[in-house]
Every structure is written in C-alpha cells, then in structure tokens.
Amino acid sequence: MRFIIRWILNHVPRRTIQRMATWAVPLLGFFYQGRGRECPICGARYRNFVPYGYVKGRNNALCPNCLSLERHRMIWLWMERNTTLFKNHPRLLHIAPEPSLMNHFRENYGSSKDYITADIESPLADQHFDVQNIPLPANSVDVLMCNHLLEHVEDDRRAMQELYRVLKPGGWGIILVPEDREREITYEDDSITDPKERTRLFGQYDHRRVYGRDYDDRLREAGFEVERSDFARRLTEWEKRLYAPGQDDLVIVHKPMPESSDDDQTVKNE
Ligand SMILES: [Zn+2]
C-alpha cells in the first residue's frame with residue numbers, strides 16, 4: 001500500500017490527487033476499520049491510519065476520513081490544549097489550507113468572517129494570492145497558519161516578511177516546513193529545476209530547498225519571536241499511539257508588541 005500511494009503522489013498531478021482524494025481515500029478507510037487509532041480532528045477511529053509519503057512512505061500517517069496527517073493532528077491537539085482559538089475565534093489567516101484543518105476550522109468558526117483561507121490557485125480557498133505579496137493590510141490578523149508552503153516559494157524571506165507584516169502585534173502563528181535537523185544551514189540552489197534532481201536533493205519534486213537548523217533564524221530575521229515546542233513528544237505513550245501525531249517540533253511564531261515608549265518619554269523629559 002505504501003508503495004502504491006508513493007507512486008501516485010509522484011506521478012499523478014496534484015490537482016487530480018486533490019480531486020481523487022475526496023472519494024478514493026474514504027474508500028480506503030474501509031480496509032482500515034478498527035478502533036486502535038483516533039483522529040482528534042474528525043473523531044474517526046481506525047485500526048491504523050493509512051501510509052503516506054512522497055519519498056519514504058510513513059506508516060500511520062493519513063486519516064482516511066478527513067485526510068489529516070501527523071502534523072495536522074499535532075497542531076489540532078496543541079491548539080485545543082493551549083489556546084482559546086476554538087472558543088474566541090480570533091481573525092485567522094490560513095494560507096495553503098490543508099483540507100482536514102480547513103473543513104474543521106470552517107465548522108468551528110460557523111458564519112464568522114474571521115476565518116480566511118488563501119492559496120495561489122486552490123479553488124477551495126476564499127482568496128487567491130502569492131504569499132510573497134499578500135494583499136492584506138498590515139497588522140490585520142490575529143493568528144497565522146501556514147504549513148509546508150515556504151519550501152515551495154521562490155523568495156521565502158520575502159514571504160516571511162509578508163506574514164510578519166499582516167500579523168497584529170501580540171499575534172501568533174504556526175509556520176511549519178519540512179526540516180532536516182541534521183543540517184546546520186538550509187540547502188537551496190535555484191539552478192536545480194529538474195524534478196528528479198529536486199526530489200533527490202530537496203525531498204520532493206517541487207521543493208526549492210531543504211531547511212536546516214537555521215530555519216528559526218530566517219523567521220527571526222523577518223521580525224518574529226520563535227518558540228520551538230516538543231509538544232508531540234511530550235504526549236503520553238497512550239496518546240501518541242492513539243493520535244499518531246508524529247515526532248516533529250511545533251514551531252510557533254509571535255509578533256512582539258511594540259516596546260513601551262514610557263522610558264523614551266522619561267529620557268526626553270529629563
Ligand atoms: Zn480525521
């Protein structure tokens with residue numbers, strides 16, 4: 001199964017996969033009936049999650065009901081336990097929205113206009129724009145969600161600056177990328193455009209780079225404060241087995257409040 005899914009991911013155009021996934025994956029769920037695993041996003045239970053991955057298929061990855069992957073389940077659990085997002089509905093900008101998270105955010109936000117989805121081309125998104133040039137005012141959103149997108153973007157530093165610009169001071173976000181923590185410096189080379197070479201070097205045919213341990217520094221350069229959490233690894237063994245949330249770090253960014261000008265005032269008054 002792992003090999004079939006890997007072959008499809010690498011050979012069938014993404015838009016076709018997106019269309020197929022809505023009926024083909026739930027059908028797959030039939031073969032995974034059971035109760036050992038539970039998706040915290042949609043509540044469905046299975047014997048196991050479905051294997052998934054472009055290069056190396058990962059077992060227990062994809063929820064056949066809502067298409068969540070490990071990182072989506074991690075994000076969901078973290079938000080449920082550590083934020084008031086699901087109760088207070090802050091203005092949330094979700095870029096390149098993953099269907100599993102998007103459908104459940106939409107359900108949770110109901111008729112509120114404060115959940116905004118955006119993608120360069122996906123017909124499922126409310127707005128269409130390039131993350132390198134976001135057509136939203138500065139300081140206009142409370143929360144950002146932008147996962148596994150920056151590795152596809154030509155100028156990721158500009159995209160980070162744009163994300164920072166639209167976030168309100170005091171706001172936060174989750175910005176995840178595939179990371180190779182063994183690597184000190186991000187490896188990128190724009191002259192490599194051959195899909196096979198990109199897969200070999202960057203891990204997927206449409207990736208432009210593979211991020212190293214300097215990823216946080218790039219986010220900081222844009223102005224963010226960066227918090228790296230081992231939330232998924234700190235869950236109980238029972239929760240790890242039930243939810244299969246992966247092992248990845250959760251990268252949470254914050255836009256600091258402007259420094260209080262009281263001190264400056266004092267100095268001026270003196
Ligand atoms: Zn699910």
Side-chain angles (χ1 to χ4, degrees), residues 71-72 74-98 101-102 105-106 108-109 112-120 125-179 181 186 209 211-232 248-265:
R71 62 178 178 271
H72 308 133
M74 164 177 75
I75 291 169
W76 195 263
L77 287 167
W78 180 83
M79 287 189 309
E80 254 181 0
R81 295 175 187 193
N82 295 281
T83 75
T84 55
L85 187 131
F86 298 117
K87 265 192 234 131
N88 296 346
H89 301 152
R91 195 165 173 80
L92 165 59
L93 175 63
H94 191 179
I95 298 185
E98 304 94 325
L101 294 176
M102 177 179 71
F105 278 135
R106 280 191 174 149
N108 183 263
Y109 271 68
S112 164
K113 295 265 182 288
D114 283 331
Y115 175 55
I116 309 152
T117 56
D119 192 280
I120 200 160
D126 303 324
Q127 297 197 20
H128 298 98
F129 57 70
D130 185 331
V131 69
Q132 295 165 101
N133 196 2
I134 303 180
L136 292 175
N139 310 321
S140 61
V141 301
D142 299 297
V143 180
L144 283 172
M145 185 78 37
C146 178
N147 299 313
H148 285 228
L149 173 69
L150 293 174
E151 69 277 16
H152 300 264
V153 172
E154 186 176 352
D155 186 347
D156 63 332
R157 286 187 170 90
R158 183 172 162 84
M160 288 173 187
Q161 285 163 7
E162 279 293 89
L163 291 168
Y164 182 81
R165 184 182 63 80
V166 299
L167 188 61
K168 286 182 193 169
W172 59 274
I174 294 178
I175 308 181
L176 301 182
V177 293
E179 295 183 283
R181 302 294 292 170
T186 296
R209 62 187 64 84
Y211 286 99
R213 294 197 299 278
D214 59 341
Y215 172 57
D216 298 5
D217 297 334
R218 286 200 186 196
L219 290 167
R220 285 191 196 103
E221 270 170 41
F224 289 114
E225 283 173 1
V226 183
E227 180 189 346
R228 187 168 276 276
S229 163
D230 59 355
F231 172 77
D248 290 352
D249 285 349
L250 187 62
V251 179
I252 305 148
V253 296
H254 301 267
K255 179 163 177 173
M257 296 295 268
E259 301 248 336
S260 153
S261 57
D262 291 357
D263 293 349
D264 301 350
Q265 208 58 46

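What you see below is based on every heavy atom in this structure, not just the backbone, and it leaves out hydrogens, waters and symmetry mates. Positions are given from 1 along the sequence.
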TODO: Could you check whether the rings of F86 and F105 sit parallel, tilted or perpendicular, using 30° and 60° as the cut-offs?
DONE: parallel
[X]: what forms a side chain to side chain donor-acceptor pair (under 3.5 Å) with it, not counting sequence neighbours?
X    : answer
D248 : none
D155 : none
Q127 : none

Nearest atoms (heavy-atom pairs only) where [X] meets [Y]:
X    : Y    : answer
A232 : M74  : CB-SD, 3.7 Å
G223 : P256 : O-CD, 3.8 Å
H94  : E98  : NE2-OE1, 2.6 Å
D114 : S112 : N-OG, 3.0 Å
R106 : T117 : NH2-OG1, 3.2 Å
D119 : A96  : OD2-CA, 3.3 Å

Gap between atom [atom2] of [Y] and atom [atom1] of [X] - 0.5 Å precision:
X    : Y    : atom1 : atom2 : answer
H148 : I175 : NE2   : CD1   : 12.0 Å
L85  : D142 : CG    : CG    : 9.5 Å
I116 : L92  : CD1   : CG    : 7.5 Å
L250 : L176 : CG    : CG    : 6.0 Å
Y109 : R91  : OH    : CZ    : 10.0 Å
F224 : L167 : CZ    : CG    : 6.0 Å

Is there a side-chain contact between [X] and [Y], using heavy atoms and a 4.5 Å cut-off?
X    : Y    : value
I252 : N82  : no
Y215 : D156 : no
V251 : V226 : yes
I120 : F129 : no
E162 : V131 : no

Strictly distance-based, threshold 3.5 Å: is any side-chain N or O of [X] a donor or acceptor partner for the main-chain N or O of [Y]?
X    : Y    : answer
Q132 : R158 : no
D214 : T186 : yes
E151 : L149 : yes
Y164 : R220 : no

Checking R213, R209, R228, R71 against E179 for salt bridge (charged side-chain N to carboxylate O under 4.0 Å, His left out), the one that qualifies is R228
Hydrogens and angles aside, do Y115 and H89 bring a side-chain donor and acceptor to less than 3.5 Å of each other? no
Should I95 and I134 be marked as a side-chain contact (heavy atoms from CB on, under 4.5 Å) after you check the CA-CA gap, both sets of side-chain angles, and the distance that decides it? CA-CA 10 Å; I95 298 185; I134 303 180; 4.2 Å; yes
- Message: Determine whether V253 and W172 satisfy the following criterion, side-chain contact (heavy atoms from CB on, under 4.5 Å), listing intermediate values before the conclusion.
- Response: CA-CA 5 Å; V253 296; W172 59 274; over 6 Å; no
| Do NZ/NE/NH1/NH2 and the carboxylate oxygens of R218 and E221 come within less than 4.0 Å? | no
Decide side-chain contact (heavy atoms from CB on, under 4.5 Å) for N147 and I75; before the verdict, give the C-alpha distance in whole Å, the side-chain angles of both, and the deciding distance to 0.1 Å.
CA-CA 10 Å; N147 299 313; I75 291 169; 3.3 Å; yes
task: I would like to know whether F231 and R81 meet side-chain contact (heavy atoms from CB on, under 4.5 Å); could you show each step before the answer?
output: CA-CA 10 Å; F231 172 77; R81 295 175 187 193; 4.2 Å; yes
